[in-house]
Q: 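For reference, the structure I am asking about is given below.
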Number of protein chains: 2
Amino acid sequence: VHDGADRPLTEGEIISIIREMVPLHRPGVRVPTGDDAAQFHFAGGDVLLTTDSIFEGVHFDLGNYGFADVGWKAMAAGVSDIAAMGGQPACALVSVGFGEAPTTAQVRSLVSGTLEMLDWCNCALVGGDVCRSTAGLSLTVTVAGTPPQGGAVLRSGARKGDAIGVTGTVGDSRAGLFILKSGREELRARYPGLVEAHLRPKPALLAGGIIASAGASSLEDVSDGLGMDLWHICVESRVGCLIEERRVPISDDAAALAQEVGSDRALWALAGGEDYQLVFTAAPDRFDKASRLLGEHGIMASRIGTVRSGDDGCVLVRADGSRVDLGGLGFDHFAGA
Amino acid sequence: VHDGADRPLTEGEIISIIREMVPLHRPGVRVPTGDDAAQFHFAGGDVLLTTDSIFEGVHFDLGNYGFADVGWKAMAAGVSDIAAMGGQPACALVSVGFGEAPTTAQVRSLVSGTLEMLDWCNCALVGGDVCRSTAGLSLTVTVAGTPPQGGAVLRSGARKGDAIGVTGTVGDSRAGLFILKSGREELRARYPGLVEAHLRPKPALLAGGIIASAGASSLEDVSDGLGMDLWHICVESRVGCLIEERRVPISDDAAALAQEVGSDRALWALAGGEDYQLVFTAAPDRFDKASRLLGEHGIMASRIGTVRSGDDGCVLVRADGSRVDLGGLGFDHFAGA
């Protein structure tokens with residue numbers, strides 16, 4: 001007997017499936033999903049709020065992504081924005097546009113991936129919206145969270161002489177995208193970690209909290225690409241920077257793949273984006289403290305350069321000694337449009 | 001000299017224009033738009049949260065809507081969800097997907113309409129996201145607000161014997177849509193209020209606060225259509241209802257237009273949607289109190305029926321005495337897909 005799992009659903013049916021899957025009772029949730037608005041209690045009253053959208057055909061392709069991957073990744077991007085303030089996520093909302101009526105299996109998969117990400121970071125799904133779009137699948141997530149004890153770490157606090165650091169490795173997500181786009185199953189089998197880094201990124205929540213508590217002067221997540229994201233910090237802080245390509249942390253897998261396929265690993269690392277690592281600045285003593293604390297939690301932090309005066313510009317010293325302006329690196333959705 | 005107002009913009013340029021237009025300093029805003037997340041202070045710590053999306057080609061058509069109308073209406077839908085809890089909006093975020101690179105004039109118009117709505121209800125714009133979509137213009141708004149003193153009014157509190165009321169008139173928005181779709185300028189000139197009701201709806205914030213303070217048992221905004229929205233209340237409250245078509249408040253303009261063009265004014269009123277009026281239930285004495293208080297503020301409230309036992313179903317008595325099930329009225333984005 002066929003259970004209708006691949007029959008197109010009505011809006012009411014989609015909402016029923018979602019409500020069935022979302023846990024109602026979690027700490028802080030006063031009114032859960034299902035009413036006009038959710039009600040959540042934030043102790044202290046200071047709330048971090050962020051919103052992010054992803055669109056099929058622009059940010060992802062359902063040939064490479066499962067519905068669960070889309071749900072995970074959209075939510076991870078929002079959670080990462082909270083990590084980039086040094087905060088912790090508390091509750092989230094998701095608005096889904098379906099290009100065509102989805103099946104039960106597709107709805108279940110999308111919600112599963114979303115909830116897996118939220119469970120991973122102990123965040124409650126408290127609301128959302130479902131509607132039809134004219135262009136495939138799209139998700140907009142909103143994440144609300146709490147700032148760290150000492151206050152959120154902004155993009156605008158970098159000062160001349162601060163050390164510049166980045167957590168983990170960068171470029172893995174771009175390397176994973178390369179594999180997915182190549183359609184080469186053998187690459188996917190040999191580099192599963194790179195594909196995972198692209199499809200299922202894990203926001204650096206623990207690192208963000210540690211970096212904030214160590215007294216970092218600025219903090220941002222690596223979403224547009226390390227070069228572009230660091231450039232944002234410099235613009236907001238009215239400073240310049242000098243970073244060295246040879247110090248940028250690249251995983252062995254990403255380096256090996258880049259060599260194998262003849263790509264520029266540094267370009268993946270600096271302009272790839274969607275790594276959801278953290279880039280931060282701190283006075284040298286505080287940088288050392290952050291680095292030590294991160295190490296105690298098994299998190300690598302690399303010093304990639306130094307904050308300079310705004311007059312000195314934002315400069316990347318490439319491996320061959322040539323100099324590139326950071327503002328020109330990274331992703332602009334409308335570039336060339 | 002041409003100022004480039006109709007040149008396609010880059011993502012960075014779009015964000016610059018938006019940041020230039022959004023006021024940074026408003027009460028409660030601790031970290032404004034421009035960082036990874038915004039930070040807002042909510043006295044008391046209880047926060048109402050809602051998210052809503054609209055897509056070009058599904059919810060609106062740029063042949064009829066200006067960019068400013070799209071911004072206003074998207075934000076009004078989110079604010080209305082806060083009104084439907086009896087609350088007040090505090091801050092908002094908006095994520096915009098552009099199908100093609102917009103011009104300066106388009107970005108300015110979109111942001112102006114959004115800010116006009118937010119200024120109207122004293123709500124701060126604290127964040128957002130800009131990206132490319134494959135499907136024309138889309139907006140997802142998130143609105144955060146504060147619940148009323150006595151607690152939010154949910155959909156689930158209706159009890160047998162309660163009176164059912166609706167604020168203002170319903171069907172005007174659908175009548176306005178009829179005019180826009182007809183392309184008949186003379187209709188637009190004769191019924192400007194109906195077109196305005198569709199393009200620039202005003203959420204019933206004052207009414208929501210009054211209805212909550214009067215002790216209403218349930219409350220919801222009229223977004224999908226009065227019939228469907230009341231049906232939601234009945235489902236969540238596990239009750240039935242009986243409403244009478246002849247008691248449903250319809251404006252003189254909507255009635256006149258329906259007669260002129262041979263449409264069913266009751267269908268506009270009951271299934272049209274997007275009126276952003278409020279439908280509520282209250283024990284008879286509290287209903288009278290709400291009605292009196294609303295009247296003192298110049299807001300009309302009409303009693304359209306009574307809450308019954310769940311076994312009696314959700315019934316609309318039509319003008320000709322025939323009976324219709326409410327669950328069948330209203331809008332499903334995927335119906336017939």
Side-chain angles (χ1 to χ4, degrees), chain A residues 8-12 14 30-31 34-53 55-58 81-82 84-85 87 91 93 95 97 100-101 126-129 131-136 138 140 142 144-145 147 152 154-155 220-221 236 332-335 337, chain B residues 8-12 14 30-31 34-53 55-58 81-82 84-85 87 91 93 95 97 100-101 126-129 131-136 138 140 142 144-145 147 152 154-155 220-221 236 332-335 337:
Chain A
L9 302 175
T10 66
E11 187 173 352
I14 296 167
R30 300 279 165 92
V31 177
D35 219 295
D36 296 287
Q39 185 172 331
F40 194 89
H41 180 75
F42 292 84
D46 268 66
V47 181
L48 299 173
L49 286 161
T50 181
T51 188
D52 280 286
S53 296
F55 290 87
E56 183 182 345
V58 176
D81 281 332
I82 301 295
M85 303 294 276
C91 66
L93 301 92
S95 186
E100 49 193 47
V126 295
D129 186 31
C131 54
R132 226 172 68 68
S133 97
T134 40
S138 71
T140 300
T142 299
L154 310 188
R155 296 178 178 180
E220 182 171 356
D221 65 333
E236 296 298 323
D332 188 307
H333 280 110
F334 296 90
Chain B
L9 302 175
T10 66
E11 188 175 350
I14 297 168
R30 299 279 167 90
V31 177
D35 219 295
D36 297 286
Q39 185 172 333
F40 194 89
H41 180 74
F42 292 85
D46 268 67
V47 181
L48 300 173
L49 286 161
T50 181
T51 188
D52 280 285
S53 295
F55 290 87
E56 183 182 346
V58 177
D81 281 332
I82 301 296
M85 304 293 277
C91 67
L93 301 92
S95 186
E100 49 192 48
V126 296
D129 186 29
C131 54
R132 226 172 69 71
S133 99
T134 40
S138 72
T140 300
T142 299
L154 310 188
R155 296 177 178 180
E220 183 171 355
D221 64 332
E236 296 298 322
D332 189 309
H333 281 109
F334 296 90

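Just so it is clear, the structure is predicted and the values come from calculations on it, not from any experiment. Lettering follows sequence order; numbering is per chain, from 1.
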Q: Return the CE to CG distance between Met85(B) and Asp36(A), rounded to the nearest 0.5 Å.
A: 6.5 Å
Q: Run the side-chain hydrogen bond (donor to acceptor under 3.5 Å, both in side chains) test against Glu236(A) and tell me which residues pass, sequence neighbours left out.
A: Arg19(B)
Q: So which of Asp81(B), Thr142(B), Asp52(B) actually passes side-chain contact (heavy atoms from CB on, under 4.5 Å) with Asp129(A)?
A: Asp52(B)
Q: Would you name the heavy atoms of Phe55(B) and Ser138(A) that are closest together and state the gap between them?
A: CZ-OG, 3.2 Å
Q: To the nearest 0.5 Å, what is the distance between OG1 (Thr140(B)) and CG (Leu93(A))?
A: 11.5 Å
Q: Rounded to the nearest 0.5 Å, what separation is found between the CD atom of Gln39(B) and the CG atom of Asp46(A)?
A: 4.5 Å
Q: Which heavy atom of Cys91(B) sits nearest to which heavy atom of Leu49(A), and what is that distance?
A: SG-CD1, 3.5 Å
Q: Specify the closest pair of heavy atoms between Glu56(A) and Thr134(B), including all atoms of both residues, with the distance to one decimal.
A: O-OG1, 3.1 Å
Q: Need one label for Val47(B): side chain, backbone, both or neither, based on atoms under 4.5 Å from any heavy atom in chain A.
A: both
Q: In terms of heavy-atom pairs under 4.5 Å with chain B, which of Gly87(A), Ala43(A), Gly128(A), Gly127(A) leads?
A: Gly128(A)
Q: Heavy-atom distances under 4.5 Å only: say whether Phe42(B) touches chain A with side chain, backbone, both or neither.
A: both
Q: How close do Arg155(B) and Asp35(A) get, counting heavy atoms only, and between which atoms?
A: N-OD2, 2.8 Å
Q: Shorter than 4.5 Å, heavy atoms on both sides: which option in Thr51(B), Ile82(B), Thr50(B) has the most such pairs with chain A?
A: Thr51(B)
Q: Between chain A and each of Gly34(B), Ala37(B), Pro147(B), count heavy-atom pairs under 4.5 Å; write down the option with the most.
A: Ala37(B)
